[in-house]
Amino acid sequence: MKKNNPLKVSIIMGSQSDYKTMQLAEKTLKKIGVSFETKIISAHRTPKRMYEFASNTIKNNIGVIIAGAGGSAHLPGMIAALTPLPVLGVPIESKKLKGLDSLLSIAQMPKGIPVGTLAIGDDGAINAALLAASIIANNNPTIKKNLNNLRLLQTKSVKKKPK
């Protein structure tokens, strides 16, 4: 890792249809000023792309991976099996089981291959970005300050009394 090149977050997803949810992670990272990249990588349809990506994460200055996947949702677990970096799994809401299938697939990892599993859908994508920013902030004072400012604004936005 180059000292003057801060770590970035990689947002990956299994298909184009997942982008509707995962773009919320992009928007959140932009607000905080975290560098990121976004890619489509399918564990089932592009396994060579998945392997190449995971094998080069450290070389490519990635600090955290946010992986969104629906249905059988193998992408986060497969990436976690191939890289030592933190992987945050976002279950994408599915048509048939409303994302419960995705959630269980991502959460139920065997010991030794951890995936930090977030909520199903939009809330999960936003929280994954906030968690990724928190991880990056451990070694980046600018991101730490920006994240603290965002949280302060969130706190100030809560009314003291109902209207």
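- Side-chain contact between Leu104 and Leu97: absent, with no pair of heavy atoms (C-beta onward) separated by less than 4.5 Å.
- Of the possible donor and acceptor atoms, one in the side chain of Ser102 sits under 3.5 Å from a partner among the backbone N and O of Ile92.
- Residues Leu85 and Ile106 are members of one and the same hydrophobic cluster, defined by side-chain heavy-atom contacts under 4.5 angstrom among Ile, Leu, Val, Met, Phe, Trp and Tyr.
- Transitive grouping of hydrophobic side chains (ILVMFWY, heavy atoms separated by less than 4.5 Å) brings Met13 and Phe36 into a common cluster.
- Here Met22 contributes atom CE and Lys27 contributes atom NZ; the two are 13.0 Å apart, rounded to the nearest 0.5 Å.
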Kindly indicate, with the supporting measurements, whether the criterion side chain to side chain contact (heavy atoms under 4.5 Å, CB included) is fulfilled by Thr21 and Glu93.
CA-CA 9 Å; Thr21 299; Glu93 188 172 333; over 6 Å; no
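- Within the model, atoms NZ of Lys145 and CG of Leu152 stand 12.0 Å from one another, a figure rounded to the nearest 0.5 Å.
- Taking CG of Asp122 as the reference point, atom CD1 of Ile126 lies at 6.0 Å (rounded to 0.5 Å).
- In this structure, the side chains of Leu131 and Asn127 stay at 4.5 Å or more apart for every pair of heavy atoms.
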Should Ile32 and Ile136 be marked as a side chain to side chain contact (heavy atoms under 4.5 Å, CB included) after you check the CA-CA gap, both sets of side-chain angles, and the distance that decides it?
CA-CA 11 Å; Ile32 302 167; Ile136 297 292; over 6 Å; no
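- Between Ser94 and Gly99 the shortest heavy-atom distance is OG-N, 3.0 Å.
- Summarising the geometry of Val87 relative to Ala67, their closest heavy-atom pair is CG1-CB, 4.4 Å, with the distance given to 0.1 Å.
- Side-chain atoms of Arg49 come within 3.5 Å of backbone N or O of Ile40 as a donor-acceptor pair.
- Looking at heavy atoms from C-beta onward, Met78 lies out of side-chain contact with Tyr51 at the 4.5 angstrom threshold.
- Taking 4.5 Å as the limit, some side-chain heavy atom of Ile79 sits within range of a side-chain heavy atom of Phe53.
- Hydrophobic clustering of Ile, Leu, Val, Met, Phe, Trp and Tyr side chains at less than 4.5 Å, counting indirect connections, unites Ile58 with Ile41.
- With Thr38 as the fixed residue, the side-chain contact (heavy atoms from CB on, under 4.5 Å) test singles out one of Ile12, Val9, Ile11, Ile66: Ile11.
- For the residue pair His44 and Ser72, the shortest heavy atom distance occurs at CE1-OG, 3.1 Å.
- If you take CE on Met50 and NZ on Lys39, they are separated by 14.0 Å, rounding to the nearest 0.5 Å.
- A pairwise comparison of heavy atoms in Ala25 and Ala129 identifies O-CB, 3.5 Å as the closest pair.
- Going from atom CD1 of Ile143 over to atom CD1 of Ile135 covers 13.0 Å, rounded to the nearest 0.5 Å.
- No donor-acceptor pair under 3.5 Å is formed between the side chain of Ser105 and the backbone N or O of Asp101.
- Scored by the salt bridge (charged side-chain N to carboxylate O under 4.0 Å, His left out) test, Glu52 finds no partners at all (sequence neighbours excluded).
- Looking at every heavy atom in both residues, Leu118 comes nearest to Pro91 through O-CD, 3.3 Å.
- Put simply, CG on Leu88 and OG on Ser10 are 11.5 Å apart, with the number rounded to the nearest 0.5 Å.
- Within a 6.0 Å radius of NZ in Lys31, no more than 12 heavy atoms belonging to other residues, nucleotides or ligands are found.
- Note on Ile62: it clusters hydrophobically with Ile113, by side-chain heavy-atom contacts below 4.5 Å among ILVMFWY residues.
- Residues Leu24 and Leu103 fall into different hydrophobic clusters, defined by Ile, Leu, Val, Met, Phe, Trp and Tyr side chains chained together at heavy-atom separations under 4.5 Å.
- Minimum heavy-atom separation, Met109 to Gly77: CE-CA, 3.5 Å.
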Kindly determine whether Asn140 and Leu7 satisfy side chain to side chain contact (heavy atoms under 4.5 Å, CB included), including the steps that lead there.
CA-CA 9 Å; Asn140 187 319; Leu7 293 175; over 6 Å; no
